[in-house]
Amino acid sequence: MKYFISLFSVFSILFLNLHSLEIKTDNESLPISIEKLQEFEQLEITTTREKNDKIKIDIWSGVDLISLLKVNEINDFAQLKFISDDNYLVRLKKKEILQTKPIIALQRNGNDLQINEIRLVVPEMRDMFWIRNLKTIEVELLQEAIFPNTIFLAENNLEKKQIRKDPEPFVDVSGYFFNDLIENIFPFLDGEFLIVGRDGVQHNLDYQTYLEKASLIFEDGKYDLKSPSMPAGMWIKEIAYIQLFDRGILFMEPFENWKQIKELLKWNNVPDEFYLFSENEKQEKRSNLDFRDPIWEKALKIKWIEK
Amino acid sequence: MDRKIKINFTGIVIVAILVLLLFLSACESNGIILTGNISAGAKITESGKLAQLLKEKAPFTEYALLIGADGTAALISEISFSEIQLKKDKNSWYSSSELLPPVCNITDIREICIYQPVKRIIDIKTEKNGKILLFSERIKDFELLGESQKNGYPVRKYKIKKQEIEY
(Lines give C-alpha, C1' and ligand atoms only; values in the text may rest on other atoms or scores of the structure.)
Protein backbone atom coordinates (compact mmCIF):
# COMPACT_ATOMS: atom_id res chain seq x y z
CA MET A 1 0.00 0.00 0.00
CA LYS A 2 2.84 2.38 1.00
CA TYR A 3 4.58 1.61 -2.28
CA PHE A 4 1.40 2.35 -4.19
CA ILE A 5 0.91 5.69 -2.41
CA SER A 6 4.51 6.76 -3.12
CA LEU A 7 4.18 5.77 -6.75
CA PHE A 8 0.91 7.68 -6.98
CA SER A 9 2.51 10.78 -5.42
CA VAL A 10 5.45 10.73 -7.85
CA PHE A 11 3.06 10.22 -10.75
CA SER A 12 0.85 13.09 -9.52
CA ILE A 13 3.82 15.45 -9.25
CA LEU A 14 5.03 14.52 -12.74
CA PHE A 15 1.54 14.82 -14.14
CA LEU A 16 1.03 18.20 -12.47
CA ASN A 17 4.35 19.53 -13.80
CA LEU A 18 3.64 18.40 -17.32
CA HIS A 19 0.04 19.44 -17.47
CA SER A 20 -0.24 22.67 -15.56
CA LEU A 21 0.55 26.28 -15.74
CA GLU A 22 1.58 28.11 -12.60
CA ILE A 23 0.73 31.65 -11.60
CA LYS A 24 3.10 33.00 -8.95
CA THR A 25 2.44 35.99 -6.75
CA ASP A 26 4.50 37.27 -3.82
CA ASN A 27 2.47 35.16 -1.43
CA GLU A 28 1.30 32.10 -3.29
CA SER A 29 1.64 29.78 -6.19
CA LEU A 30 -1.50 28.79 -8.12
CA PRO A 31 -1.27 25.70 -10.35
CA ILE A 32 -3.81 25.75 -13.20
CA SER A 33 -4.37 22.54 -15.14
CA ILE A 34 -5.01 22.43 -18.88
CA GLU A 35 -8.42 20.95 -18.09
CA LYS A 36 -9.16 24.03 -16.00
CA LEU A 37 -8.08 26.29 -18.87
CA GLN A 38 -10.41 24.41 -21.19
CA GLU A 39 -13.34 25.19 -18.87
CA PHE A 40 -12.95 28.92 -19.58
CA GLU A 41 -14.83 30.57 -22.42
CA GLN A 42 -12.59 30.11 -25.49
CA LEU A 43 -11.89 33.30 -27.45
CA GLU A 44 -10.93 33.27 -31.08
CA ILE A 45 -8.49 35.72 -32.64
CA THR A 46 -6.90 36.01 -36.06
CA THR A 47 -3.27 37.10 -36.40
CA THR A 48 -1.23 38.13 -39.41
CA ARG A 49 2.55 37.78 -39.32
CA GLU A 50 5.35 38.08 -41.79
CA LYS A 51 7.60 35.02 -41.74
CA ASN A 52 10.39 34.41 -44.27
CA ASP A 53 8.92 37.04 -46.60
CA LYS A 54 5.53 35.33 -46.52
CA ILE A 55 2.34 36.51 -44.87
CA LYS A 56 1.11 34.00 -42.32
CA ILE A 57 -2.49 34.10 -41.12
CA ASP A 58 -3.51 32.03 -38.09
CA ILE A 59 -6.73 31.58 -36.17
CA TRP A 60 -6.04 31.00 -32.49
CA SER A 61 -8.51 29.87 -29.86
CA GLY A 62 -7.84 30.04 -26.14
CA VAL A 63 -8.31 31.68 -22.77
CA ASP A 64 -8.43 35.43 -22.36
CA LEU A 65 -5.48 36.27 -20.10
CA ILE A 66 -7.32 39.17 -18.44
CA SER A 67 -10.22 36.85 -17.45
CA LEU A 68 -7.77 34.28 -16.09
CA LEU A 69 -6.19 36.96 -13.90
CA LYS A 70 -9.56 38.23 -12.70
CA VAL A 71 -10.76 34.75 -11.71
CA ASN A 72 -7.61 34.38 -9.64
CA GLU A 73 -8.13 37.84 -8.10
CA ILE A 74 -4.94 39.24 -9.56
CA ASN A 75 -5.61 42.92 -10.18
CA ASP A 76 -2.73 44.71 -8.53
CA PHE A 77 0.35 44.26 -10.71
CA ALA A 78 2.69 46.35 -12.82
CA GLN A 79 3.77 43.66 -15.22
CA LEU A 80 3.72 39.92 -15.77
CA LYS A 81 6.75 37.73 -16.37
CA PHE A 82 6.11 34.73 -18.65
CA ILE A 83 8.58 31.84 -18.55
CA SER A 84 8.58 28.82 -20.83
CA ASP A 85 9.69 25.30 -20.01
CA ASP A 86 13.11 26.02 -21.59
CA ASN A 87 13.46 29.31 -19.65
CA TYR A 88 12.51 31.65 -22.49
CA LEU A 89 11.31 34.79 -20.76
CA VAL A 90 9.20 37.77 -21.76
CA ARG A 91 7.58 40.53 -19.77
CA LEU A 92 4.41 42.46 -20.54
CA LYS A 93 3.41 45.63 -18.77
CA LYS A 94 -0.14 45.92 -17.45
CA LYS A 95 -0.89 48.61 -20.02
CA GLU A 96 0.29 46.34 -22.85
CA ILE A 97 -1.87 43.49 -21.57
CA LEU A 98 -4.95 45.68 -21.36
CA GLN A 99 -4.29 47.12 -24.83
CA THR A 100 -3.41 43.94 -26.73
CA LYS A 101 -5.68 41.47 -24.87
CA PRO A 102 -3.43 38.38 -25.14
CA ILE A 103 -4.79 34.85 -25.01
CA ILE A 104 -3.32 31.56 -23.85
CA ALA A 105 -3.92 29.62 -27.03
CA LEU A 106 -5.03 26.00 -26.81
CA GLN A 107 -5.94 25.62 -30.50
CA ARG A 108 -4.42 26.85 -33.75
CA ASN A 109 -6.41 26.80 -36.98
CA GLY A 110 -8.93 24.41 -35.42
CA ASN A 111 -6.33 21.89 -34.20
CA ASP A 112 -5.60 21.24 -30.53
CA LEU A 113 -2.10 22.31 -29.55
CA GLN A 114 0.13 19.74 -27.86
CA ILE A 115 1.03 20.41 -24.22
CA ASN A 116 4.42 21.79 -25.26
CA GLU A 117 2.86 24.01 -27.92
CA ILE A 118 0.47 25.94 -25.72
CA ARG A 119 1.45 29.56 -26.13
CA LEU A 120 0.76 33.09 -25.24
CA VAL A 121 -0.47 34.98 -28.29
CA VAL A 122 -0.14 38.75 -28.07
CA PRO A 123 -1.88 40.41 -31.01
CA GLU A 124 -0.19 43.58 -32.28
CA MET A 125 3.15 42.61 -30.77
CA ARG A 126 6.09 40.89 -32.46
CA ASP A 127 5.92 37.09 -32.18
CA MET A 128 9.11 37.07 -30.11
CA PHE A 129 6.67 37.83 -27.29
CA TRP A 130 4.46 34.83 -28.14
CA ILE A 131 6.04 32.52 -25.65
CA ARG A 132 5.56 28.82 -26.37
CA ASN A 133 5.37 25.92 -23.89
CA LEU A 134 4.34 28.39 -21.23
CA LYS A 135 5.17 27.16 -17.72
CA THR A 136 4.98 30.09 -15.31
CA ILE A 137 3.34 33.50 -15.07
CA GLU A 138 4.87 35.68 -12.35
CA VAL A 139 3.09 38.73 -11.03
CA GLU A 140 5.41 41.72 -10.57
CA LEU A 141 4.61 44.93 -8.73
CA LEU A 142 5.71 48.38 -9.82
CA GLN A 143 9.35 49.10 -9.20
CA GLU A 144 10.85 52.41 -10.11
CA ALA A 145 14.10 51.93 -12.04
CA ILE A 146 17.20 52.72 -10.02
CA PHE A 147 19.53 55.26 -11.59
CA PRO A 148 23.15 54.03 -11.63
CA ASN A 149 25.56 56.03 -9.49
CA THR A 150 28.65 54.44 -10.97
CA ILE A 151 29.08 53.31 -14.56
CA PHE A 152 31.98 51.13 -15.66
CA LEU A 153 33.13 51.35 -19.26
CA ALA A 154 33.06 47.87 -20.76
CA GLU A 155 35.54 48.01 -23.60
CA ASN A 156 38.34 49.61 -21.56
CA ASN A 157 37.82 47.20 -18.66
CA LEU A 158 37.83 44.20 -21.01
CA GLU A 159 40.99 45.42 -22.70
CA LYS A 160 42.91 44.57 -19.53
CA LYS A 161 41.87 40.91 -19.87
CA GLN A 162 42.97 38.21 -22.26
CA ILE A 163 40.48 37.68 -25.07
CA ARG A 164 39.34 34.04 -25.29
CA LYS A 165 39.37 31.93 -28.43
CA ASP A 166 36.17 29.86 -28.61
CA PRO A 167 34.67 30.69 -25.21
CA GLU A 168 32.90 27.47 -24.29
CA PRO A 169 30.54 26.21 -25.73
CA PHE A 170 30.82 28.58 -28.69
CA VAL A 171 33.27 27.75 -31.47
CA ASP A 172 34.99 29.65 -34.28
CA VAL A 173 34.52 32.89 -32.40
CA SER A 174 36.41 34.98 -29.90
CA GLY A 175 35.24 36.98 -26.93
CA TYR A 176 35.01 36.90 -23.15
CA PHE A 177 32.99 35.11 -20.54
CA PHE A 178 30.33 37.33 -19.00
CA ASN A 179 32.10 36.65 -15.70
CA ASP A 180 35.34 38.17 -17.07
CA LEU A 181 33.52 41.47 -17.38
CA ILE A 182 31.59 41.53 -14.13
CA GLU A 183 34.23 40.21 -11.72
CA ASN A 184 35.56 43.06 -9.56
CA ILE A 185 32.59 45.23 -10.58
CA PHE A 186 29.64 43.63 -8.80
CA PRO A 187 30.36 42.37 -5.26
CA PHE A 188 26.98 40.59 -5.18
CA LEU A 189 25.13 38.74 -7.92
CA ASP A 190 21.64 38.20 -6.50
CA GLY A 191 18.66 39.95 -8.02
CA GLU A 192 18.10 40.56 -11.71
CA PHE A 193 20.55 42.12 -14.13
CA LEU A 194 19.13 44.58 -16.64
CA ILE A 195 20.62 43.74 -20.03
CA VAL A 196 19.97 46.12 -22.93
CA GLY A 197 20.84 45.80 -26.61
CA ARG A 198 21.53 48.77 -28.90
CA ASP A 199 18.22 48.09 -30.68
CA GLY A 200 16.34 48.63 -27.41
CA VAL A 201 15.64 44.94 -26.68
CA GLN A 202 16.03 44.44 -22.95
CA HIS A 203 15.74 41.65 -20.42
CA ASN A 204 15.86 41.44 -16.66
CA LEU A 205 17.70 38.20 -16.02
CA ASP A 206 18.90 36.43 -12.93
CA TYR A 207 22.53 35.43 -12.87
CA GLN A 208 22.26 31.77 -11.95
CA THR A 209 19.60 30.79 -14.47
CA TYR A 210 20.71 32.79 -17.47
CA LEU A 211 24.05 34.56 -17.13
CA GLU A 212 26.50 32.40 -15.21
CA LYS A 213 27.60 30.60 -18.37
CA ALA A 214 27.07 33.49 -20.78
CA SER A 215 29.69 34.84 -23.17
CA LEU A 216 30.30 38.13 -24.91
CA ILE A 217 31.07 37.22 -28.51
CA PHE A 218 33.16 39.85 -30.27
CA GLU A 219 32.53 40.63 -33.91
CA ASP A 220 33.05 43.78 -36.00
CA GLY A 221 33.84 45.85 -32.92
CA LYS A 222 30.58 44.82 -31.20
CA TYR A 223 29.67 42.31 -28.55
CA ASP A 224 26.72 39.91 -28.67
CA LEU A 225 25.55 38.29 -25.44
CA LYS A 226 24.98 34.56 -25.88
CA SER A 227 24.42 31.88 -23.31
CA PRO A 228 23.88 28.12 -23.50
CA SER A 229 21.34 28.50 -20.70
CA MET A 230 19.28 31.05 -22.66
CA PRO A 231 17.08 30.11 -25.62
CA ALA A 232 18.72 31.63 -28.71
CA GLY A 233 15.75 33.97 -29.17
CA MET A 234 16.80 35.78 -26.01
CA TRP A 235 20.40 36.39 -26.98
CA ILE A 236 21.19 40.09 -27.16
CA LYS A 237 22.71 41.44 -30.33
CA GLU A 238 25.12 44.35 -29.89
CA ILE A 239 24.92 44.62 -26.14
CA ALA A 240 24.88 48.22 -24.96
CA TYR A 241 24.29 48.27 -21.23
CA ILE A 242 24.20 46.08 -18.10
CA GLN A 243 22.97 47.13 -14.66
CA LEU A 244 22.59 45.52 -11.24
CA PHE A 245 21.24 47.62 -8.36
CA ASP A 246 22.93 51.04 -8.65
CA ARG A 247 25.92 50.06 -10.75
CA GLY A 248 26.05 49.91 -14.55
CA ILE A 249 28.39 48.74 -17.30
CA LEU A 250 28.27 50.70 -20.53
CA PHE A 251 29.50 49.56 -23.93
CA MET A 252 30.56 52.90 -25.41
CA GLU A 253 31.18 51.81 -28.98
CA PRO A 254 27.52 52.01 -30.12
CA PHE A 255 27.14 55.57 -28.78
CA GLU A 256 28.38 59.05 -29.50
CA ASN A 257 27.16 60.87 -26.41
CA TRP A 258 25.15 60.62 -23.18
CA LYS A 259 22.02 61.89 -24.94
CA GLN A 260 21.79 58.69 -26.98
CA ILE A 261 22.20 56.58 -23.86
CA LYS A 262 19.58 58.60 -22.03
CA GLU A 263 17.13 57.97 -24.87
CA LEU A 264 17.85 54.25 -25.09
CA LEU A 265 17.57 53.65 -21.35
CA LYS A 266 14.67 56.09 -20.89
CA TRP A 267 16.45 58.02 -18.17
CA ASN A 268 14.70 61.26 -17.27
CA ASN A 269 17.94 63.10 -17.06
CA VAL A 270 21.66 62.76 -16.51
CA PRO A 271 23.54 64.95 -14.02
CA ASP A 272 25.60 67.74 -15.54
CA GLU A 273 28.93 66.57 -14.17
CA PHE A 274 30.80 63.42 -13.32
CA TYR A 275 34.15 62.18 -12.12
CA LEU A 276 36.01 60.22 -14.74
CA PHE A 277 38.41 57.59 -13.39
CA SER A 278 41.31 56.03 -15.24
CA GLU A 279 43.94 53.75 -13.66
CA ASN A 280 45.68 56.53 -11.73
CA GLU A 281 43.64 59.63 -12.36
CA LYS A 282 40.35 61.21 -11.36
CA GLN A 283 39.03 64.17 -13.34
CA GLU A 284 35.90 66.26 -13.17
CA LYS A 285 34.07 66.41 -16.50
CA ARG A 286 30.82 67.73 -17.93
CA SER A 287 28.30 65.32 -19.40
CA ASN A 288 28.12 67.16 -22.74
CA LEU A 289 31.56 65.66 -23.43
CA ASP A 290 31.49 63.74 -26.73
CA PHE A 291 32.49 60.06 -26.58
CA ARG A 292 35.01 60.56 -29.40
CA ASP A 293 37.05 62.83 -27.13
CA PRO A 294 40.49 61.21 -26.47
CA ILE A 295 39.89 61.55 -22.73
CA TRP A 296 37.73 58.40 -22.87
CA GLU A 297 40.50 56.21 -24.26
CA LYS A 298 41.78 55.15 -20.85
CA ALA A 299 38.68 55.79 -18.78
CA LEU A 300 37.54 52.86 -16.63
CA LYS A 301 34.49 54.25 -14.85
CA ILE A 302 32.50 57.39 -14.08
CA LYS A 303 30.67 58.53 -10.95
CA TRP A 304 27.98 61.17 -11.22
CA ILE A 305 28.38 64.34 -9.20
CA GLU A 306 25.09 65.33 -7.60
CA LYS A 307 24.77 69.05 -6.88
CA MET B 1 36.09 44.02 65.13
CA ASP B 2 37.48 47.25 63.62
CA ARG B 3 40.01 45.23 61.63
CA LYS B 4 37.26 42.98 60.28
CA ILE B 5 35.24 46.00 59.09
CA LYS B 6 38.37 47.50 57.48
CA ILE B 7 39.05 44.32 55.50
CA ASN B 8 35.46 44.15 54.32
CA PHE B 9 35.60 47.77 53.23
CA THR B 10 38.76 47.15 51.17
CA GLY B 11 37.11 44.08 49.66
CA ILE B 12 34.08 46.13 48.66
CA VAL B 13 36.27 48.75 47.02
CA ILE B 14 38.14 46.03 45.06
CA VAL B 15 34.88 44.43 43.98
CA ALA B 16 33.50 47.85 42.97
CA ILE B 17 36.61 48.56 40.88
CA LEU B 18 36.30 45.14 39.25
CA VAL B 19 32.62 45.74 38.50
CA LEU B 20 33.45 49.14 37.05
CA LEU B 21 36.19 47.67 34.86
CA LEU B 22 33.85 44.92 33.72
CA PHE B 23 31.18 47.51 32.95
CA LEU B 24 33.64 49.64 30.98
CA SER B 25 34.90 46.66 29.02
CA ALA B 26 31.30 45.60 28.35
CA CYS B 27 30.57 49.09 27.03
CA GLU B 28 33.64 48.85 24.84
CA SER B 29 32.55 45.50 23.41
CA ASN B 30 29.15 46.95 22.63
CA GLY B 31 30.47 48.66 19.51
CA ILE B 32 29.39 47.51 16.06
CA ILE B 33 31.79 45.07 14.49
CA LEU B 34 32.97 45.82 10.98
CA THR B 35 33.34 42.76 8.77
CA GLY B 36 33.91 42.05 5.11
CA ASN B 37 36.72 43.72 3.18
CA ILE B 38 38.47 45.17 6.18
CA SER B 39 41.09 44.04 8.69
CA ALA B 40 39.66 41.84 11.43
CA GLY B 41 38.79 43.46 14.74
CA ALA B 42 37.60 46.86 13.45
CA LYS B 43 34.66 48.38 15.32
CA ILE B 44 32.47 51.44 15.39
CA THR B 45 32.21 52.70 18.94
CA GLU B 46 30.90 56.24 18.49
CA SER B 47 27.66 57.69 17.23
CA GLY B 48 27.61 59.81 14.08
CA LYS B 49 27.16 59.83 10.34
CA LEU B 50 28.25 56.58 8.73
CA ALA B 51 30.37 58.49 6.18
CA GLN B 52 32.33 60.11 9.00
CA LEU B 53 32.66 56.91 11.01
CA LEU B 54 34.05 54.96 8.07
CA LYS B 55 36.36 57.71 6.89
CA GLU B 56 39.39 56.51 8.85
CA LYS B 57 38.60 52.84 9.34
CA ALA B 58 37.51 51.97 5.81
CA PRO B 59 37.98 54.96 3.51
CA PHE B 60 37.30 53.13 0.23
CA THR B 61 33.97 51.62 1.27
CA GLU B 62 31.51 51.46 -1.63
CA TYR B 63 28.76 49.32 -0.05
CA ALA B 64 27.71 48.66 3.55
CA LEU B 65 25.37 45.94 4.76
CA LEU B 66 23.81 47.01 8.08
CA ILE B 67 22.86 43.85 9.96
CA GLY B 68 20.42 43.77 12.87
CA ALA B 69 20.30 41.18 15.66
CA ASP B 70 17.14 39.66 14.16
CA GLY B 71 18.89 38.99 10.83
CA THR B 72 17.27 41.88 8.97
CA ALA B 73 19.80 43.77 6.88
CA ALA B 74 19.92 46.79 4.58
CA LEU B 75 22.48 47.29 1.84
CA ILE B 76 23.32 50.89 1.02
CA SER B 77 25.89 52.41 -1.30
CA GLU B 78 28.38 55.17 -0.66
CA ILE B 79 26.12 58.01 -1.82
CA SER B 80 23.91 57.19 1.18
CA PHE B 81 26.64 57.11 3.82
CA SER B 82 26.42 60.83 4.58
CA GLU B 83 22.64 60.61 5.00
CA ILE B 84 22.49 57.91 7.66
CA GLN B 85 23.24 58.22 11.38
CA LEU B 86 24.37 55.49 13.71
CA LYS B 87 23.13 56.08 17.24
CA LYS B 88 23.40 54.32 20.55
CA ASP B 89 20.37 53.75 22.74
CA LYS B 90 21.34 52.25 26.13
CA ASN B 91 23.34 49.22 25.03
CA SER B 92 22.11 48.80 21.49
CA TRP B 93 22.85 50.58 18.24
CA TYR B 94 20.44 51.65 15.56
CA SER B 95 20.52 53.49 12.25
CA SER B 96 18.27 56.34 11.33
CA SER B 97 17.69 58.54 8.31
CA GLU B 98 14.91 60.75 7.06
CA LEU B 99 16.11 60.88 3.47
CA LEU B 100 16.76 57.20 2.84
CA PRO B 101 14.07 54.51 2.42
CA PRO B 102 12.63 53.38 5.80
CA VAL B 103 14.18 49.91 5.48
CA CYS B 104 17.51 51.58 6.27
CA ASN B 105 16.34 52.13 9.84
CA ILE B 106 17.74 48.98 11.43
CA THR B 107 17.35 48.36 15.14
CA ASP B 108 19.89 46.62 17.36
CA ILE B 109 22.68 46.67 14.77
CA ARG B 110 25.36 44.10 15.58
CA GLU B 111 27.49 44.09 12.46
CA ILE B 112 28.24 46.19 9.40
CA CYS B 113 29.73 44.23 6.53
CA ILE B 114 31.57 46.52 4.18
CA TYR B 115 32.79 46.31 0.62
CA GLN B 116 36.01 48.01 -0.36
CA PRO B 117 37.55 47.00 -3.71
CA VAL B 118 40.01 44.18 -2.99
CA LYS B 119 42.88 45.90 -4.79
CA ARG B 120 42.55 48.74 -2.27
CA ILE B 121 42.99 46.45 0.74
CA ILE B 122 45.90 44.19 -0.14
CA ASP B 123 47.42 44.61 3.31
CA ILE B 124 44.26 43.44 5.07
CA LYS B 125 44.90 41.50 8.28
CA THR B 126 43.35 38.06 8.47
CA GLU B 127 40.95 36.73 11.07
CA LYS B 128 41.74 34.07 13.65
CA ASN B 129 41.16 31.15 11.25
CA GLY B 130 43.58 32.67 8.77
CA LYS B 131 40.87 33.63 6.30
CA ILE B 132 38.86 36.78 5.84
CA LEU B 133 35.18 36.38 5.17
CA LEU B 134 35.05 38.85 2.31
CA PHE B 135 31.96 40.92 1.66
CA SER B 136 31.10 38.88 -1.44
CA GLU B 137 31.04 35.71 0.71
CA ARG B 138 29.28 37.15 3.76
CA ILE B 139 26.41 38.54 1.67
CA LYS B 140 25.67 35.01 0.46
CA ASP B 141 24.39 34.27 3.99
CA PHE B 142 21.50 36.62 3.23
CA GLU B 143 18.45 36.36 1.03
CA LEU B 144 17.48 39.37 -1.08
CA LEU B 145 13.94 40.46 -0.26
CA GLY B 146 13.69 43.47 -2.56
CA GLU B 147 14.94 46.85 -3.68
CA SER B 148 13.49 50.27 -3.13
CA GLN B 149 14.51 53.90 -3.34
CA LYS B 150 13.59 57.25 -1.89
CA ASN B 151 14.87 60.70 -2.90
CA GLY B 152 17.20 58.97 -5.38
CA TYR B 153 18.84 56.82 -2.68
CA PRO B 154 18.51 53.09 -3.40
CA VAL B 155 18.54 50.29 -0.84
CA ARG B 156 18.34 46.52 -0.87
CA LYS B 157 16.61 44.68 1.92
CA TYR B 158 17.97 41.31 3.02
CA LYS B 159 17.14 38.64 5.59
CA ILE B 160 19.64 36.15 6.96
CA LYS B 161 19.12 32.62 5.63
CA LYS B 162 20.07 30.87 8.89
CA GLN B 163 17.68 31.05 11.83
CA GLU B 164 20.19 32.19 14.45
CA ILE B 165 23.06 34.61 14.40
CA GLU B 166 25.88 34.29 16.88
CA TYR B 167 27.82 37.36 17.96
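In what follows, every chain begins at residue 1, and chains take the letters A, B, ... in the order their sequences are listed. Values reported hereafter were calculated over all heavy atoms of this structure, with side chains retained and with hydrogens, waters and symmetry mates removed.
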| field | Sole residue of R156(B), K140(B), E143(B) in side-chain contact (heavy atoms from CB on, under 4.5 Å) with D190(A) | value | R156(B)

| For Q260(A), does the CD atom have more than 12 heavy-atom neighbours from other residues, nucleotides or ligands under 6.0 Å away? | yes

| remark: Closest non-hydrogen contact found for Y115(B) with N184(A) is OH-O, 4.1 Å

| query | So with a 6.0 Å cut-off around CD of E28(A), is the heavy-atom count from everything else above 12? | reply | yes

| request: Give a yes or no on this: more than 12 heavy atoms of other residues, nucleotides or ligands lie within 6.0 Å of atom NZ of K298(A). | output: no

| query | Would the number of heavy atoms belonging to other residues, nucleotides or ligands and lying under 6.0 Å from NZ of K159(B) be above 12? | reply | yes

| query | Sub-3.5 Å donor-acceptor pair from the side chain of E144(A) to the main-chain atoms of Q149(B), do we have one? | reply | no

| query | About how many Å separate CD of E78(B) and CG of D246(A), when rounded to the nearest 0.5 Å? | reply | 8.5 Å

| Geometric class of the Y63(B)/F245(A) ring pair [parallel <30°, tilted 30-60°, perpendicular >60°] | tilted

| remark: dist L189(A):CG -> I139(B):CD1 (nearest 0.5 Å) comes out at 9.5 Å

| field | Exceeds 12 heavy-atom contacts within 6.0 angstrom, atom NZ of K70(A) | value | no

| request: Please say whether more than 12 non-hydrogen atoms of neighbouring residues, nucleotides or ligands are located less than 6.0 Å from NZ in K301(A). | output: yes

| N149(A) and S77(B), any side-chain heavy atoms less than 4.5 Å apart | yes

| query | Checking side-chain contact (heavy atoms from CB on, under 4.5 Å) for the pair L75(B)/F188(A): CA distance, chi angles, key distance, verdict? | reply | CA-CA 11 Å; L75(B) 178 83; F188(A) 42 82; 3.5 Å; yes

| task | Look at atom NZ of K94(A) and say whether more than 12 heavy atoms of other residues, nucleotides or ligands are closer to it than 6.0 Å. | result | yes

| note | Cut-off 4.5 Å, heavy atoms of chain A, and the answer for Y158(B) is side chain

